[in-house]
Amino acid sequence: MKTAWALALRDMRGGLKGLRLLIICLFLGVAGLAGVGSLSRAITAELDSRGQEILGGDIEMRVAQREAAPDERAAFARQGLVSETIRLRAMASRADAAAAVLAELKSVDDRWPLYGALRLEPGALAPRPAGLDAMVAPALAERLSLRIGDSVRIGETSFRVAGLIAEEPDRVGEGFTLGPSILVSREGLAATRLVQPGSLFTARYRIRLPADRDAHAIAERLGERFHDANWEVTDRTNAARGLRRLVDQLGQFLTLVGLTALVVAGIGVGNGVASWLDQRRPGIATLKILGASSATIFRIYLIQVAIVSAGAILAGLAVGAAVPAIVGRLAGDALPVAPKFAIFPLPLLISAVYGLLAALLFSLSPLARAGQVSPAAIFRARVEPFGWPRWRVLLPMLGAGLGIALLAVATARQPMLSAGFLAATAGIFALLGAIGWLVRRGARALPRPRRPLLRLAIANLHRPAAQTDRLIVALGLGLTLFVLLAVLQTSLTHQIEKTVPAVAPNFFALDVPTEDIDRFRSTVLARAPAAKIDSVPSLRGSVVAVRGVRVTDMKPVPKGAWILNGDRGLTYAARLAEGNEIVAGQWWPADYAGPPLISVEEQAAKALALKPGDRMTLSVLGVEIETTVASIRRVNWETMGFNFGIVFAPGALEGAPHSYMATIAIPDAREAAVNRAVIAGFPSVSLIRVKDVVEQVSSIFGQLATAIRAAASVALAAGVAVLVGAVAASRRARLYDAVLLKLLGASRRQVLAAQAIEYALLAAIIALLALAAGTAAGWYVVTRIFELAWAPDWPIVLATLAAGALGTLGIGLLGSLPVLAARPAAALRSL
């Protein structure tokens with residue numbers, strides 16, 4: 001071993017030229033995994049460290065369309081200090097009503113915030129909202145051209161803008177919003193007269209516990225005590241649940257992308273080591289002649305590979321550890337929370353182990369083959385590849401492969417997903433290897449074409465030392481990644497365009513008072529006579545029992561039963577809405593007057609195995625209503641109208657306090673006039689401009705697509721490196737062929753044309769497989785991981801595939817240029 005170390009270190013003095021591909025591929029694979037792991041951990045660590053501030057307390061009790069009853073308030077107060085906030089949507093306008101903006105209005109009491117602090121921009125007139133002072137988000141001030149000291153009208157009251165919000169401590173924990181924030185006092189909210197029976201608002205009660213209390217245990221007890229009163233309970237250990245879920249989903253996908261990059265890089269490692277050892281043939285032969293055993297040669301080159309791999313892995317870990325800081329600096333404003341910059345040992349350790357196992361798995365085979373060749377064979381077979389390794393080397397390789405698989409499954413948030421990914425990856429590798437073997441056999445069996453260049457190109461596919469297998473694996477993986485990225489990108493990009501119908505409403509109107517619905521219609525039609533107005537009653541309620549079984553007793557809750565998750569939108573209707581279709585049961589008569597009936601959306605009904613005639617209990621404003629399922633509906637959610645999971649028959653809900661929602665479709669030229677008229681005549685109504693919603697959601701999908709592109713670029717870079725390595729590995733054999741062809745009178749153009757035909761044949765053979773594999777992987781990611789609609793743009797996908805194939809053809813031809821430039825005399829002397 002001492003001799004092996006000495007010879008390995010001496011050999012490395014000549015440089016690492018032959019191991020560049022190994023360094024690049026391992027660096028990319030480890031950096032990708034370490035970066036994804038560190039960034040995901042940085043975001044969750046920030047959420048954990050700021051859990052109380054993000055939630056606004058140790059425990060949050062949330063309820064819709066009502067405030068807490070006296071006994072509920074007393075129960076909360078017994079646990080600790082309580083702060084109450086009420087949040088609803090409202091229209092904010094300048095005093096002259098020249099412009100209006102949808103905003104998120106939040107009233108806060110004197111105890112808010114229990115954790116963190118409200119931070120205002122310099123120049124504020126007061127430290128917090130009080131009386132008729134309001135603190136507004138800078139985005140709202142910009143859109144309404146407001147300055148500190150100006151007046152802003154909300155509901156039936158004008159407020160003084162007393163400050164601009166720099167940081168709202170519990171903003172992230174309140175989830176997705178449609179407008180900028182406005183903070184007012186409880187007195188200010190009462191003055192707006194926006195909170196009326198039936199208004200859509202959410203009351204939150206944050207509780208600050210003594211330091212020695214268990215927040216999770218207390219939250220569970222409160223949830224059990226008030227489980228029939230529609231309360232949603234959250235504690236500080238699970239603040240910002242929606243954001244955490246998104247981070248988990250994105251982290252899971254990016255981890256799979258990182259594993260893909262590492263596996264692709266592993267192929268590059270194997271190609272790089274094989275090419276490097278091919279350049280070491282004279283040295284290996286010399287060592288053999290001097291009496292070195294196969295084991296000694298194996299150790300010499302294994303030591304060199306281990307040293308270089310360790311350096312590449314350390315460099316990848318350094319870059320991966322810096323990813324949270326880089327992302328925070330470049331995209332910090334686009335993230336809900338800035339990543340917490342720190343060194344996270346666990347993801348770095350896992351990435352390092354992945355890198356070591358990959359290097360071991362893919363380098364052992366060429367190392368073992370090199371040590372088994374006799375000196376005579378080495379000197380004789382200039383263009384012959386090394387033979388197959390013995391079974392003793394296959395056992396460590398199998399162990400390394402199993403280690404990667406076990407580590408991927410053990411560290412995954414969704415073990416079955418990772419296991420399926422690894423199985424699919426192994427299947428793709430096996431398929432590509434089989435195709436490579438079939439191509440060589442098929443090319444050998446084909447009759448010789450009469451055209452010399454075509455005959456030469458086909459011969460290149462099966463000649464001795466041909467890199468057909470490696471080229472097909474590299475080309476197949478590269479094109480599959482291109483297709484996968486195109487499918488993901490276009491599905492996200494067209495998510496909004498494909499789901500927004502060609503004719504969509506201009507506005508959604510919320511909180512239209514029941515007694516004012518007719519006047520509302522008249523006001524809109526007076527400003528836009530051609531307007532189309534569709535209105536529906538709007539309430540909130542929750543399912544508390546299905547077929548006599550309480551939801552709280554369902555362990556676990558059936559997958560896909562989304563109508564059981566907290567408060568849902570409810571309505572009642574005499575006629576079936578446009579875009580709805582009855583698939584089971586019957587719709588009730590328009591003049592129905594009998595026991596409460598409901599119609600349930602098809603997918604929710606399937607999740608709960610509901611059928612017509614089943615019983616369900618719903619709680620509406622704290623009152624439980626026993627209902628019977630009359631029908632199951634298929635809902636077209638893409639109509640951009642108001643669709644509900646549960647619809648009541650007439651007669652059950654009319655007496656409950658509620659409001660109306662409406663859609664307004666008008667010519668764009670009338671938007672401003674309708675907006676001003678509604679704001680002036682209906683202070684409680686919130687107008688949501690559809691284009692604004694589409695732009696906001698499009699921005700979210702754009703950020704998601706950017707993250708996917710950034711992560712996939714690592715895998716693509718690894719794929720390109722592998723392809724370059726495969727081309728470089730065949731350069732020695734191609735140099736030999738090119739010299740012979742030139743001696744026989746072939747021109748450079750003819751040699752290049754033969755190689756172009758060869759690469760074009762390979763690209764054509766593998767393109768269909770890449771299209772199928774990339775599409776299948778993209779479908780799984782889009783529909784199962786991100787839970788989005790499947791909407792790829794096939795022309796773009798096919799164009800991307802064609803561009804990838806042309807790109808690989810270009811890489812192959814560029815790699816052939818040094819061969820074309822070789823002079824026969826100099827080349828023959830070096831062969």
Side-chain angles (χ1 to χ4, degrees), residues 85-109 112-113 117-172 174 176-195 199 201 333-334 506-511 671-693 695-696 699:
T85 65
I86 292 179
R87 177 180 146 186
L88 67 159
R89 296 183 182 93
M91 299 302 295
S93 61
R94 294 175 54 88
D96 55 8
V101 172
L102 180 71
E104 295 284 338
L105 180 66
K106 181 165 76 173
S107 73
V108 299
D109 59 14
W112 179 89
L118 171 65
R119 203 161 53 82
L120 302 175
E121 300 284 358
L125 303 178
R128 57 180 297 114
L132 294 182
D133 282 345
M135 309 301 177
V136 304
L140 179 71
E142 181 178 352
R143 293 181 64 179
L144 292 179
S145 301
L146 295 172
R147 293 177 296 179
I148 294 177
D150 288 349
S151 294
V152 58
R153 186 169 184 82
I154 307 168
E156 299 182 3
T157 304
S158 291
F159 290 82
R160 181 183 68 160
V161 178
L164 301 181
I165 302 170
E167 182 177 351
E168 184 181 346
D170 55 357
R171 178 67 187 80
V172 173
E174 295 186 346
F176 178 79
T177 59
L178 291 173
S181 295
I182 301 177
L183 300 180
V184 298
S185 64
R186 294 300 305 274
E187 177 186 349
L189 178 64
T192 65
R193 299 181 62 82
L194 292 177
V195 177
S199 298
F201 67 91
D333 293 339
N506 301 73
F507 291 106
F508 291 126
L510 307 179
D511 291 331
E671 276 191 0
V674 170
N675 193 2
R676 286 194 298 268
V678 170
I679 296 303
F682 304 89
S684 66
V685 173
S686 298
L687 275 182
I688 302 174
R689 191 168 178 261
V690 172
K691 290 182 180 179
D692 294 338
V693 178
E695 290 175 0
Q696 187 170 352
S699 175

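Hydrogens, waters and symmetry mates play no part in the numbers below; they use all other heavy atoms, side chains included.
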[X]: side chain to side chain contact (heavy atoms under 4.5 Å, CB included) partners, not counting sequence neighbours:
{"X": "Glu167", "result": "Arg50, Glu53, Arg119"}
{"X": "Ala677", "result": "Thr523, Arg527"}
{"X": "Ile86", "result": "Glu67, Glu84, Leu88, Ser107, Arg186, Leu189, Phe201, Ala203"}
{"X": "Ala190", "result": "none"}

Closer than 4.0 angstrom, basic N to acidic O: yes or no for Lys106 and Asp170? yes

In chain order, what residues pass the salt bridge (Lys or Arg N to Asp or Glu O under 4.0 Å) check against Glu121, with sequence neighbours excluded? none

Heavy-atom check, side chain of [X] versus side chain of [Y], under 4.5 Å:
{"X": "Ile154", "Y": "Leu194", "answer": "yes"}
{"X": "Arg128", "Y": "Pro113", "answer": "yes"}
{"X": "Ile165", "Y": "Pro180", "answer": "no"}

Within this structure, what is the [atom1]-[atom2] distance for the pair [X] and [Y], rounded to the nearest 0.5 Å?
{"X": "Leu102", "Y": "Phe507", "atom1": "CG", "atom2": "CZ", "answer": "10.5 Å"}
{"X": "Asn675", "Y": "Met91", "atom1": "CG", "atom2": "CE", "answer": "5.0 Å"}
{"X": "Ile148", "Y": "Leu120", "atom1": "CD1", "atom2": "CG", "answer": "8.5 Å"}
{"X": "Leu687", "Y": "Arg89", "atom1": "CG", "atom2": "CZ", "answer": "13.0 Å"}
{"X": "Ser185", "Y": "Trp112", "atom1": "OG", "atom2": "CH2", "answer": "12.0 Å"}
{"X": "Arg171", "Y": "Leu118", "atom1": "CZ", "atom2": "CG", "answer": "13.5 Å"}

Enumerate donor-acceptor pairs with a distance under 3.5 Å from any side-chain N or O in residues 131-141 to protein atoms, sequence neighbours excluded.
{"unit_1": "Asp133", "atom_1": "OD1", "unit_2": "Arg160", "atom_2": "NE", "d": "3.0"}
{"unit_1": "Asp133", "atom_1": "OD1", "unit_2": "Arg160", "atom_2": "NH2", "d": "3.3"}
{"unit_1": "Asp133", "atom_1": "OD2", "unit_2": "Arg160", "atom_2": "NH2", "d": "2.9"}

Side chain to side chain donor-acceptor pair (under 3.5 Å) with Ser181: which residues, sequence neighbours excluded? Glu168

Residues in side chain to side chain donor-acceptor pair (under 3.5 Å) contact with Asp109, at least two apart in sequence or another chain: Ser83

Between the side chain of Arg94 and the main-chain N/O of Asp150, is any donor-acceptor distance below 3.5 Å? no

Can you name the closest pair of heavy atoms from Thr157 and Ala191 and give their distance? OG1-O, 2.5 Å

